[in-house]
Amino acid sequence: MSDIKSLNLTELQEEICTLGEKSFRARQIYEWMHKKLCESFSEMTNLSQSFREKLSGSFELTTLKMVCVQTSQIDGTKKFLFELPDKNSIESVWMRYKHGNSVCISSQVGCRMGCRFCASTIDGMVRCLSASEMLDQVYAIQRITRERVSNVVVMGSGEPLDNYDNVLKFIHLLSDENGLHISQRNITVSTCGLVPEIRRLANEKLQITLAVSLHASSNEKRRELMPIAKKYGLSELMEACRFYYEQTGRRLTFEYSLVGGVNDTAEDAAGLSRLLRGLHAHVNLIPVNPVKERSYTPSDKDTVQNFKNKLEKNGVNVTVRREMGRDIDGACGQLRRRYHENAESQ
Ligand code: SAH
């Protein structure tokens, strides 16, 4: 059965006409799904009973089941574990900032990129998420919290550019004026650095923010932390980033997780400054979140501060990311792993 929530309005209009119904019905259904965030055809009360039955016979309407939610006592961050229709589970996070509410979504079940410090990738990738399953995370959270979501970051489990077509559809649906209408400027997609896909994305001319996970300023160190660096070297990656900036006019964000004794020296900071010269980029420093399956530890406070100062001295725009939800398995993929471990040991 086809996945109705992943269709754009034009595609939905075609499908509805094929069913022998008037095309204005498509707009009504679209609004039920993407504006009123309803979860079943039976809620679409301005459609006749027989039409609703026809819809359930022809289309699947995806929804998520909330398995658990953890709320941080420190900052109110909520981490959700959702079950997908095929029983796989994914994590999403809700964070409240001064400028609005932000949701961090997963783009795949698991991940196949293999970054050494990340919990999402430990058991590899199970499957990609559809556009509707990415929307469902935002919609479910907005319904549960009863507060408008104003920012969305695709920074949960998975590599979004390894699920390119669905992520692109997701961005278009999420920013569509007939849906939640979240501005593309408030959508961030984070990638470990898939060079051909960064170039392809640059040509879509979107207004989203692209975040690139760098984590090292030399090929040697980057290869140790991120296997993808063996496929694409830093010069190739930075060239693709420059191309993205030229094509879209959007400044990039670079993520740099500070790992104690691994990538946090003054030399590393100098290397990073050189790499970013002329890019007008923004750097987010994040002390690595320790994952119990991995031996990495975060850099200490002074080291983080020194690293930041060094970048600033070199004219790099930098912030130390506020750690949200550290008491609730904040790092990618940790909640899902812990939940499955507990389920298995029972
Ligand atoms: N695959 C994408 C998006 C998901 S990860 C990417 O690589 O960018 C989102 C960010 O969190 C990435 O920068 C990732 O490297 C980082 N990350 C993953 N696990 C982490 C950990 N344990 N501590 C700190 N940052 C982590």
Side-chain angles (χ1 to χ4, degrees), residues 79 90-93 95 102-125 128-129 134 137 152-164 166-167 170-171 187-195 197-198 201 208-216 221-229 231-232 237 240-241 244 252-260 262-264 272 281-299 304 307 319-326 328-338:
K79 186 143 191 174
I90 47 169
E91 299 178 14
S92 327
V93 184
M95 289 158 285
S102 184
V103 167
C104 173
I105 66 149
S106 295
S107 56
Q108 296 177 319
V109 179
C111 183
R112 58 181 183 144
M113 295 298 128
C115 298
R116 303 273 183 255
F117 45 81
C118 178
S120 303
T121 197
I122 293 173
D123 290 328
M125 193 200 43
C128 284
L129 297 183
M134 290 182 256
Q137 297 171 61
V152 172
V153 296
V154 188
M155 265 191 201
S157 295
E159 168 49 46
L161 299 189
D162 187 34
N163 184 15
Y164 189 96
N166 291 339
V167 167
F170 163 75
I171 294 167
I187 302 174
T188 298
V189 170
S190 176
T191 178
C192 64
L194 304 186
V195 166
E197 285 77 12
I198 292 176
L201 194 65
I208 61 166
T209 299
L210 183 65
V212 176
S213 301
L214 215 46
H215 306 322
K221 282 196 185 179
R222 196 160 187 266
R223 283 187 203 124
E224 259 175 54
L225 294 169
M226 308 174 74
I228 194 67
K231 195 161 177 191
Y232 306 112
L237 174 60
C241 291
Y244 189 91
L252 282 90
T253 295
F254 289 92
E255 286 159 281
Y256 197 102
S257 297
L258 288 161
V259 189
V262 174
N263 62 359
D264 59 355
L272 182 58
H282 186 92
V283 173
N284 255 325
L285 296 176
I286 319 148
V288 80
N289 217 324
V291 169
K292 86 172 174 1
E293 292 85 351
R294 301 287 193 244
S295 55
Y296 295 120
T297 50
S299 309
V304 173
F307 199 93
T319 43
V320 177
R321 172 108 54 91
R322 242 174 81 205
E323 286 172 71
M324 304 286 273
R326 195 177 239 201
I328 52 164
D329 294 318
C332 294
Q334 287 196 89
L335 174 62
R336 173 168 166 259
R337 283 194 68 73
R338 219 175 47 135

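Residue numbers count from 1 along this sequence. Both ligands and their constituent atoms are indexed starting at 1 by order of listing.
Taking every non-hydrogen atom of Cys118 and a distance limit under 4.0 Å, the qualifying atoms of ligand 1 come out as 18 (C), 19 (N). Using a 4.0 Å cut-off to heavy atoms of Met155, the atoms of ligand 1 that qualify are 4 (C), 5 (S), 9 (C). Numbered from 1 in the order shown, with element, the atoms of ligand 1 that lie under 4.0 Å from a heavy atom of His215 read 13 (O), 14 (C), 15 (O). With ligand atoms numbered from 1 in the order given, ligand 1 contributes 1 (N), 2 (C), 3 (C), 4 (C) to contacts under 4.0 Å with heavy atoms of Gly158. When each atom of ligand 1 is checked for a heavy atom of Asn289 under 4.0 Å away, the hits are 21 (C), 22 (N), 23 (N), 24 (C). Residue Cys192 has at least one heavy-atom neighbour below 4.0 Å for each of these atoms of ligand 1: 6 (C), 7 (O), 8 (O). Below 4.0 Å from some heavy atom of Gly156 lie the following atoms of ligand 1, by number and element: 4 (C). Interface atoms of ligand 1 facing Val291, defined by a heavy-atom separation under 4.0 Å, are 22 (N).
Considering backbone and side-chain atoms together, Pro160 places no N or O closer than 3.5 Å to any N or O of ligand 1. Between Ala119 and ligand 1, no pair of N/O atoms sits closer than 3.5 Å.
Contacts between Glu255 and ligand 1, counted as non-hydrogen atom pairs separated by less than 4.0 Å, involve the side chain only. Contacts between Thr191 and ligand 1, counted as non-hydrogen atom pairs separated by less than 4.0 Å, involve the backbone only. Counting heavy atoms under 4.0 Å from ligand 1, residue Val288 touches it through both backbone and side chain.
Residues Leu161 and Val167 are not in side-chain contact: their nearest non-hydrogen atoms beyond the backbone lie 4.5 Å or more apart.
Taking a 6.0 Å sphere around CZ of Arg116, one finds it holds more than 12 heavy atoms contributed by other residues, nucleotides or ligands.
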**Request:** For side chain to side chain contact (heavy atoms under 4.5 Å, CB included), just list the numbers for Leu225 and Tyr296, CA-CA rounded to whole Å, side-chain angles, deciding distance to a tenth of an Å, and then say yes or no.
**Result:** CA-CA 10 Å; Leu225 294 169; Tyr296 295 120; 4.0 Å; yes
**Request:** Evaluate the side chain to side chain contact (heavy atoms under 4.5 Å, CB included) criterion for residues Thr191 and Glu197: first the C-alpha distance (whole Å), next the side-chain angles of each, then the deciding distance (0.1 Å), finally the verdict.
**Result:** CA-CA 10 Å; Thr191 178; Glu197 285 77 12; over 6 Å; no
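Side chain of Asp264 to main chain of Val304: no donor-acceptor pair is present (N/O by atom type, distance under 3.5 Å, no hydrogens or angles).
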